[in-house]
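Below: the structure, in structure tokens.
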Amino acid sequence: MIVGRLIDYLMAAAHQVTRKRMRVFLTALGIAIGVAAVVGTVSLGEGVRYQAVEAIKEQSDLTLIEATADIRGGAIQFITPAKIGELDAIPRVAASSAVVREAYATKRQTYLEVVGIDPGGIEDVIRPKYLKGEPLEAGSRQTVLGHDVAETLQRNEGIRLGDAIPILIRRYDENGMPVDEEVAFTLVGVLQDRDDAFDQAMLIDRGVAQELRGDETAFDGVLIRVDHPEAVFGVVDDVKALGLTAEGAFQQIESVNRLMDVVVLILAFFAGVSLIVGALMIVNTMVTSVFERTREIGITMAIGASPGDVVLLILAECLYIGLIGGVIGDLLGIAFTGAINTFGKPFIVAQLGDTFSTFADAEITLITPEILAIGMAIAIVLSLASGLYPALKASHLNPVTAIRTGV
Amino acid sequence: METIIEARHLNKAYNDRVTALADVNFVIWKGEFVALLGRSGSGKSTLLNILGGLDAPTSGEVRIDGNIIDFSDRRALIALRRGSIGFVFQSFNLIPALTAQENVEYPLLFNYHNRADRRERAAELLSLVGLADRAHHYPREMSGGEQQRVAIARALVGNPFIVLADEPTGNLDSKTRDEIFTLMRQVNQERETTFLIVTHERELGRRTDRVIKLLDGSVVS
């Protein structure tokens with residue numbers, strides 16, 4: 001019933017709109033340019049975001065997450081065997097392994113970030129590729145070094161595969177005096193360059209690390225391997241729900257997203273200024289149109305239209321302007337992003353340098369159906385909002401004076 | 001006979017100075033065909049607008065079909081215009097963007113009739129006024145007489161029991177004037193629709209059932 005009425009009003013308004021095609025088109029164009037600017041800038045922002053995230057995914061080990069202890073509500077959430085079990089039970093976790101983190105120094109004062117982990121965990125969770133050597137044996141004082149730290153040790157201390165790495169572990173005696181104990185680890189393997197924290201890591205057996213620490217029950221974190229990049233953020237949320245902190249390459253994506261949210265918002269805001277101009281054009285056109293049709297509106301009221309009917313009739317005309325503006329705006333926006341890709345990309349790639357070289361062969365703009373739908377919605381909502389004042393003005397006309405004095 | 005319009009002690013003043021109507025009293029019976037005569041400025045149009053609920057009197061009472069009109073109740077006034085009263089204007093006042101058929105249908109849009117019903121009733125009335133073959137013409141493509149016929153069809157489409165016509169033949173030549181007048185008379189007789197026609201032409205007054213004369217805002221006969 002109500003829908004039928006609205007359709008009737010839309011059809012009545014269509015007559016008015018088709019009578020003034022040029023005016024409606026020009027007015028719609030005002031909104032369309034604003035929509036195109038928003039669609040263009042947002043899709044550029046989204047494109048850059050997409051490329052940056054893809055670059056991160058490609059360059060880093062996204063599916064590796066480390067859950068660590070956190071302080072929640074004043075209570076520290078330790079990594080307990082129970083927590084380890086809960087973490088392992090999170091859906092889409094392919095493998096997990098508890099770790100112990102230590103800081104050791106060699107005799108010649110090279111600082112080493114030590115990760116104590118099960119040899120099985122190294123395979124399942126870290127999934128390393130060996131530059132040379134082989135995995136360490138469980139329970140032994142063997143070590144596998146990350147690419148960068150291996151290079152440093154070789155350069156500074158001349159340690160090569162098969163050599164023993166002399167490490168000083170500082171303890172304190174009963175008088176509180178520091179006592180350094182020397183422990184030797186045999187270097188059995190070196191990992192390939194990974195571009196993450198494991199390049200600096202010294203991997204040893206977890207049991208050995210706990211024994212050297214003198215505490216065989218505490219863990220510092222759990223390394224988690226997620227089965228697919230798409231599932232990472234879901235697993236992160238689950239880890240956080242357990243009261244733990246999650247760390248990993250995904251944080252880079254989070255910070256890119258945070259940055260791009262702000263950038264896109266600011267870009268869209270400035271592009272949106274042109275929408276205000278478009279909206280004012282609609283107000284102007286519709287005020288003129290109402291003025292021109294003063295008598296007609298008076299007649300319409302005399303033959304039975306209520307002020308509400310008049311408002312709906314005028315807004316129906318604005319809806320057409322919005323629809324036309326939205327369609328043209330989306331099309332112009334697509335054309336605009338095409339232009340950015342063709343002419344703007346070489347410039348942007350040159351400015352960003354090698355880090356973002358992936359941009360060179362990719363589209364730097366990304367038009368999604370959502371962006372186009374938002375463009376359309378902006379055009380429609382803005383047109384209706386702009387039509388409100390002229391429509392109310394029309395509905396407040398006095399039919400007698402409107403018929404007598406109207407042009 | 002039943003009364004259909006009853007005006008009692010109607011007064012209308014603009015800005016407390018200009019008196020448009022001064023103590024107007026009259027009764028119109030159901031099915032009557034009445035001319036409202038008077039010079040320009042005698043208050044004819046003001047009276048018509050008040051009877052049609054487009055304007056409110058300063059004081060006095062109007063009964064349409066026995067019911068007192070509450071001029072402060074906008075909804076009631078809209079309902080009155082939708083259901084009880086049809087307007088015919090001097091300058092036809094069709095909507096230029098709509099065809100004859102659509103113009104006649106237009107009031108039914110606000111009466112919330114469905115499309116098929118609107119179409120059927122408008123077509124029926126267009127053939128009543130002899131313009132069935134002009135249904136899809138726009139006002140600018142029609143002569144003044146034809147436009148006024150469409151306007152009469154539009155006034156009748158809501159099945160009103162009163163048609164208020166403000167100088168309906170004022171812009172027409174004498175031959176067309178006759179035709180329009182005859183048409184209104186025919187509708188009056190066939191459908192028993194009450195007509196109140198404002199005019200300043202005495203000659204037309206003679207062809208009506210009765211004449212109400214206004215002079216300076218008062219009924220003189």
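The chains referred to below are lettered A, B, ... by the order of the sequence lines, with proteins before strands, and numbering in each begins at 1.
Within 6.0 Å of atom CD in B/Gln186, more than 12 heavy atoms from other residues, nucleotides or ligands are found, so the atom counts as buried in its surroundings. In the displayed structure, A/Phe233 atom CZ is contacted under 6.0 Å by more than 12 heavy atoms of other residues, nucleotides or ligands. In B/Arg8, the CZ atom is not crowded: 12 or fewer heavy atoms of neighbouring residues, nucleotides or ligands sit closer than 6.0 Å. Around the NZ atom of A/Lys393, the shell of radius 6.0 Å holds no more than 12 heavy atoms that belong to other residues, nucleotides or ligands. The environment of B/Phe181 atom CZ is dense: over 12 non-hydrogen atoms of other residues, nucleotides or ligands sit within 6.0 angstrom. In the displayed structure, B/Asn114 atom CG is contacted under 6.0 Å by more than 12 heavy atoms of other residues, nucleotides or ligands. Around atom CZ of B/Phe161, more than 12 heavy atoms belonging to other residues, nucleotides or ligands sit under 6.0 Å away. Annotation: A/Arg23, atom CZ; neighbour count of heavy atoms from other residues, nucleotides and ligands within 6.0 Å is above 12.
Proximity to chain A (any heavy atom under 4.5 Å) is shown, for B/Leu54, by both the backbone and the side chain. Residue A/Leu312: no heavy atom, backbone or side chain, is found under 4.5 Å from chain B. Contact of B/Asn93 with chain A is made through backbone and side chain together, with heavy-atom distances under 4.5 Å. At a 4.5 Å heavy-atom cutoff, B/Thr99 makes no contact with chain A through either its backbone or its side chain.
In this structure the side chain of A/Leu313 reaches within 4.5 angstrom of the side chain of B/Phe110, judged on heavy atoms. Side-chain contact between A/Ile299 and B/Arg154: present, with at least one pair of heavy atoms (C-beta onward) separated by less than 4.5 Å. Looking only at side-chain heavy atoms (C-beta outward), B/Arg115 and A/Ile7 come within less than 4.5 Å of each other.
When all heavy atoms are compared, the tightest approach of B/His113 to A/Asp8 is O-OD2, 4.3 Å. Scanning all heavy atoms of the two residues, the minimum distance from A/Gly304 to B/Ile78 falls at O-CG2, 3.7 Å. What you find for B/Asp55 and A/Val400 is that their closest heavy atoms are CB-CG2, 4.2 Å.
Of the inter-residue distances, the one linking A/Glu296 atom CD with B/Ile95 atom CD1 reads 4.0 Å to the nearest 0.5 angstrom. Distance check: B/Ser45 OG to A/Arg404 CZ gives 8.0 Å after rounding to the nearest 0.5 Å.
Of residues 102-109 of chain B, those residues lying under 4.5 Å from chain A by any heavy-atom pair are B/Glu102, B/Tyr106, B/Pro107, B/Leu109. At a heavy-atom cut-off of under 4.5 Å, chain A is reached by B/Arg81, B/Arg82, B/Phe87 from residues 79-87 of chain B, listed in order of number.
No other option in B/Arg74, B/Arg118, B/Arg75 has as many heavy-atom pairs under 4.5 Å with chain A as B/Arg118.
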